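Just so we're clear, the structure is a prediction, and the values are computed from it rather than from any experiment. So that the names make sense, note that chain A is the first sequence line, chain B the second, and so on, each numbered from 1.
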Protein chains: 2
Amino acid sequence: MKRALCITTAFILVVLSTLHAQTNRILVQDMGELNEAIKDCKAGDNIILANGIWKDVEIIFYGNGTKERPITLTAEEKGKVTIEGVSNLKLGGSYLIVDGLHFKNGYTPTENVIQYKINNDSIANNCKVTQCVIEEFTQLDRDVSDHWIEFWGRNNELSHSYLAGKSNFGPTIMVRLEGNENIYNYHKIVNNHFGPRPRKGGPHGETIQLGSSGTSMTPSHTLVANNLFERCNGEIEIISSKSNFNEFRNNVFFESEGSLVLRHGNYATIDGNIFIGNDNSKFIGGIRVINTGHWITNNYFYKIKGTEFRSALAVMNGIPKSPLNRYNQVTDVVVAHNTYVNCNSPWQFSVGSNVSQSDVLPATEIRSARPERVVLANNVIYNKVADEYPIINYDEVDGVTFKNNIINNEYKSDVKPEGLITEDFTVVKKSDKLFVLDENKSDVYAGFDFGTISKDLFGNERTPDNNSIGAFVNPIKENLNLLDKTKYGTEWFSSEKKISTPRTFNVSSAKTLKNAIEKANSGDIISLAKGVYNVKSSLAITKNITIVSAQKNEKAEILFTSPKTAFELHPKGNLRLKDIDLTGNQSQNTFRTLDKNMSKAYNLFIENVGIKNFQSVLEVSQGSFADTVSVANSTFKNCDRGFMLNKETNDGGDYNAEFVTITNSTFDNIKETVLDYYRGGYDESTIGGNLTLKNNVFTNSGKAEKDQILIKNRGIVNVEFSNNTFKNNPVKLIAILWGEKGQEPGDNIIENSGKIEVVQNLKLKLMY
Amino acid sequence: MKRALCITTAFILVVLSTLHAQTNRILVQDMGELNEAIKDCKAGDNIILANGIWKDVEIIFYGNGTKERPITLTAEEKGKVTIEGVSNLKLGGSYLIVDGLHFKNGYTPTENVIQYKINNDSIANNCKVTQCVIEEFTQLDRDVSDHWIEFWGRNNELSHSYLAGKSNFGPTIMVRLEGNENIYNYHKIVNNHFGPRPRKGGPHGETIQLGSSGTSMTPSHTLVANNLFERCNGEIEIISSKSNFNEFRNNVFFESEGSLVLRHGNYATIDGNIFIGNDNSKFIGGIRVINTGHWITNNYFYKIKGTEFRSALAVMNGIPKSPLNRYNQVTDVVVAHNTYVNCNSPWQFSVGSNVSQSDVLPATEIRSARPERVVLANNVIYNKVADEYPIINYDEVDGVTFKNNIINNEYKSDVKPEGLITEDFTVVKKSDKLFVLDENKSDVYAGFDFGTISKDLFGNERTPDNNSIGAFVNPIKENLNLLDKTKYGTEWFSSEKKISTPRTFNVSSAKTLKNAIEKANSGDIISLAKGVYNVKSSLAITKNITIVSAQKNEKAEILFTSPKTAFELHPKGNLRLKDIDLTGNQSQNTFRTLDKNMSKAYNLFIENVGIKNFQSVLEVSQGSFADTVSVANSTFKNCDRGFMLNKETNDGGDYNAEFVTITNSTFDNIKETVLDYYRGGYDESTIGGNLTLKNNVFTNSGKAEKDQILIKNRGIVNVEFSNNTFKNNPVKLIAILWGEKGQEPGDNIIENSGKIEVVQNLKLKLMY
């Protein structure tokens, strides 16, 4: 037997090496040669792009390899071949491999960077993109939509790749299911590193979307496994599953501001995943459940502090007889053997219940159908500091059965099921962020088909003799690293950026100031000597720059005389102004974004700055997006308007800034509105906009404001509005707050100004 | 090898006979013994009901057999054990067989006659009901809903059984899918004979329903194969598939007034079925398609003359973003290798398009989403008499691809695709109703995944060398009998009724008339000698009775003096009056149904009858249903009201009579309405009510009618209204016709009466 095996092995090796020998290496130098090579390619060919920059190329890779002898498109040396400019890649045929390409410094001219289809008659099957990098290959305009990888066909794969920095509309990865050729696809999205996706400011910023509501009845069977999602903050859905029978296994979601959402489609498996949050963020979520028949097992949640839509487990209310694109009732879902460590209120039921909004929404929008036939069993909730409300319910919980779940503290939730038992148990730290029960709890509930939960998170067998409540069965290995980045992405590309020490440029004239801004590296500091700087043109901010007075108590003053904006904010511009005065001549704005092509977010930090005699303080363009606009201890005087973050008026849930914080500042004689921060349209699943307005003083402002509102925050969801003083502002309303979102004014002083109105339910425009 | 086989066979035989020997026969005489036997039963037990009538029994059959050694519940002698009265049967456990029971003369006290579940903790799996009969085991009140067989669990079977005569609300067979225990059920409904199901008059009269809209996302995988559906006329859906992955194979639908409807759910397979209509009926349908991903292959349609919803192939328009219980768009459907012989307009697209009704229906009811990515290929349409409109389209046909279909006549349809080719080909008759191409047409289109269509309707292989367009590949067997009833239903029960020659009773007095009605068998005739019959009580009609004057020209007159109704119509009452006069004393109705328990339909035929001095001519109760009310050459005079078929006012699409025909008759001095025939509510998929009103004369009527309408036909779909004369009827309206349903008055003479109004779109009440 042993001998037979040896002979067989030897034979296989011979065959393999013969096959390898037959591989035909074709090195191509330009598109002409590449197209020629593709035209002639046959099974076993290995087409190799010569080192260098391949600019403005649209590659159509068509061929038919075989399982044993695929056709490969690869790089002469990985890391030395980049696809740049206005470029893309389409695949059609079968058994093609794209290996080791690097897309950067550009964007696609079509709807996709890599598309597994050339046209309807030439779809890819059994094709693979592997060891590739797509890095900030993002459209110039945020509002232009595309996908970086679009799956069609069947049995295709994206593996061992690194994708990061998409900031425009559209999921990074999209699986399409229109047409029988594209169902039962069994695509694999495995072993990838999804690097940071910045906040987009509105919907359509998913990292992965599997199908759409229109194809949500299709069997997809896509596998998303062993990927790292690192700070994928594009929107509230990291992954949006919109088809049937998808599987999500052993992924790590690290500090990603969203959830794995079972948005449409049914019968998903979510097994063995790790969700890691932190102490600070309420945006980092877990799993949000809609629809039928999902199994959520063996997952580990650490410091998930998200609320409502972003809670560790958010089980939604559905709309009775829901329209195809809205919310089906949750039924027949199993949530078993999960472990929650130091989360806040991890279990939330009937999330999205909005019966109280019947006045402002049509009946077809009212989520009143509670979860039914849902089982929560064998889960562990452990809290170092007691969580008094591990369960939050937004409606009655009458369709959920709780069995053999344990928690280590007494709790006060409205819903206190017998099946969530307070027990005095302890956990041990196995590695950074990993805490497991110190001993197995073997009182495991055996629900219908629970025999299929045959392994734990790490793949250890669950046997009748050795089983446990929670995601883990002891013994587990020592020194496990939950965040071992070497397991994800390519073998050749590192996403770690070198951190350089910031330099300081000391300047004392307008000219040197300008030069310094141009010359500085991102992160550098420009220090101004005391004095007045007469600047005659705009200062363009294209990187991370801090401008500060050398002496805090001897503020430099920059005097702007050009009619153009004082500071021009570019994509990735990050301007921090500190201890300084800015004076205009009433003909320009203080800050202004580019009119278009604001492909990436900018930031603006203003601290102890005096600003006077401008038109608007900040004007932005439609597609622009500020991650943060932060103002502290500053004064604004004699301007026409304040911060105008109001140009994203597509009413599709988008907005111009994620965080707007104004504190301890004074606004005097601002003629129109002081702040206009707008989010239009209605979709409760795009939770957006964050405004903090505290300890400010507003005087003599709003006199020319035609709407008679001093501060506009229409549609912004999270608002803190307190301890401000309003004096002698001749407006009707200081602001309108949104009661349904918990907004209320706190301890403001109002004299001879309008009033602060609280409207419970805003009248909303439907966005779909 | 041969020897080894012999030994193995011998061994198996020994094992089998040993097993058989181990079977434990337990004969039980009453419920006490039966319950005891069930309580103690174990694998291999055979519980035998003693011959006789088992009355008012509720059997709870629980046990766990094994595949090899099931537990059986059977009859001492098949045909000699009947379950009667208020009885039912529930199964729980596994590997149970119910064999040879006969349910009749009764109804279930619960929602099901046979239920594959005792309760949620005791569901049946791998259980079988076989060789059983359920015959008119129907609720007393049509409006009380039940199912005869309700499936739960997995892998259950109904086979070789005969079911007929359900006339109340509710599908005969229902598959339930709520709960994970009941999905992926792979139930088998095979080799059954579904005998006539009478018209129900409204919805909820399906013969088989698989799931409901609320569970339409579930994977069911129910197999419905090799069944005969004989005149299953309960409603417009013979089978309503409302879950995913169901298969319908090799069934025969014989003169059944409805369709196999893919109502909800996706990915059904409809392969190898035979649909047989006739020359007369426009109600007999084929396949109606909604939703996604169905494959309709190898089916044979003969003389299907149904229109719109009931056309041989009705592909519907969907509602964009449809609510769960309405109409999803049709996408990704394949219709290939079907043969249509002597059908009328077999292919109808965008059926149900109702864009024109936007004024009377909400947007969520408007079916404007046309079929997309639908392929019709390799089909044959053969017509002995040319069909000028093989394709009818109710909207643009832009989402359907036609490939290699052939038809044997030129045609004028608006849509004339290149892929439906007029060719001069012939068919040969292989047996009654079976016509096939005289030779294979091998120009077969090879669409995506068409390789899976590997056999023809009769199971003959389709090979590259021997394939054909259409449902059949030659050569096919000779002398095939499409309607061989011995292949379906039980081995022991015959549904054939003996036809006895009707007898004639000659009577000449009221007393002998009454006696004769009581004594007569169904079908007999009572012949009245000339004279006046003074009848002092109601005449109950419980069977098929004809009452006729002996001499057509010497009409007998029956004089009714009791204040009770003249004729009392019972379930199954079939009264035919001919050449006779009926006279009341203004205190009673001529005809009246029972007030309740009208469990089965009645019929009323009136020919050359004079009716005068009654209150109403016909009064009915809510649950009552007339299949036919037919009036010809008769006169109605001095009555308060005419035919009052207006009590089914639940507005759920139900109505009190299927066919109402009044011709060549006169109505004089009817004080209120002459006819009130009502169908309430709106659901376009319940097509109901048929009124023919031709060549009648109406005079001096309607003077006390409070609504000022002489003839009320609210909601009745099919109306013919022509060549009538209206004189001196003091009403505002003679009738309101429904334009959208094609109703229009034809050549009526109107003098000094109201007018006939045509309303294009009735204001409709939504019924769900």
(Q) Please report the interatomic distance OH(B:Tyr267) to CD1(A:Ile183), rounded to the nearest 0.5 Å. (A) 3.5 Å
Q. Relative to chain A, which segment of B:Val375 carries a heavy atom at a distance below 4.5 Å: side chain, backbone, both, or neither?
A. neither
Q: Supply the atom-to-atom distance A:Met217 CE to B:Asn266 CG, rounded to the nearest 0.5 angstrom.
A: 5.5 Å
**Q.** From B:Leu177 atom CG to A:Asp332 atom CG, the distance as rounded to the nearest 0.5 Å
**A.** 9.5 Å
Q. Which region of B:Gln329, side chain (C-beta onward) or backbone (N, CA, C, O), has a non-hydrogen atom less than 4.5 Å from a non-hydrogen atom of chain A, or is it both or neither?
A. neither
Q: Under 4.5 Å heavy-atom distance to chain A, tell me which part of B:Ile319 shows up: side chain, backbone, both or neither.
A: neither
Q: Check each atom of B:Asn291 against the heavy atoms of chain A and say whether the ones under 4.5 Å are side chain, backbone, both or neither.
A: neither
(Q) Just so I understand: if I count every heavy-atom pair under 4.5 Å between each of A:Pro320, A:Ser213, A:Gly179 and chain B, which residue has the most? (A) A:Gly179
Q | Check: A:Glu178 and B:Arg373 side chains under 4.5 Å, non-hydrogen atoms | A | yes
**Q.** Test side-chain contact (heavy atoms from CB on, under 4.5 Å) applied to A:Asp449 and B:Asn180, step by step
**A.** CA-CA 9 Å; A:Asp449 254 358; B:Asn180 286 334; over 6 Å; no
Q) In terms of heavy-atom proximity below 4.5 Å to chain A, should B:Thr218 be classed as side chain, backbone, both, or neither? A) both
Q. So with a 6.0 Å cut-off around NZ of B:Lys403, is the heavy-atom count from everything else above 12?
A. no
**Q.** Side chain, backbone, both or neither of B:Ser322 within contact of chain A (heavy atoms, under 4.5 Å)
**A.** backbone
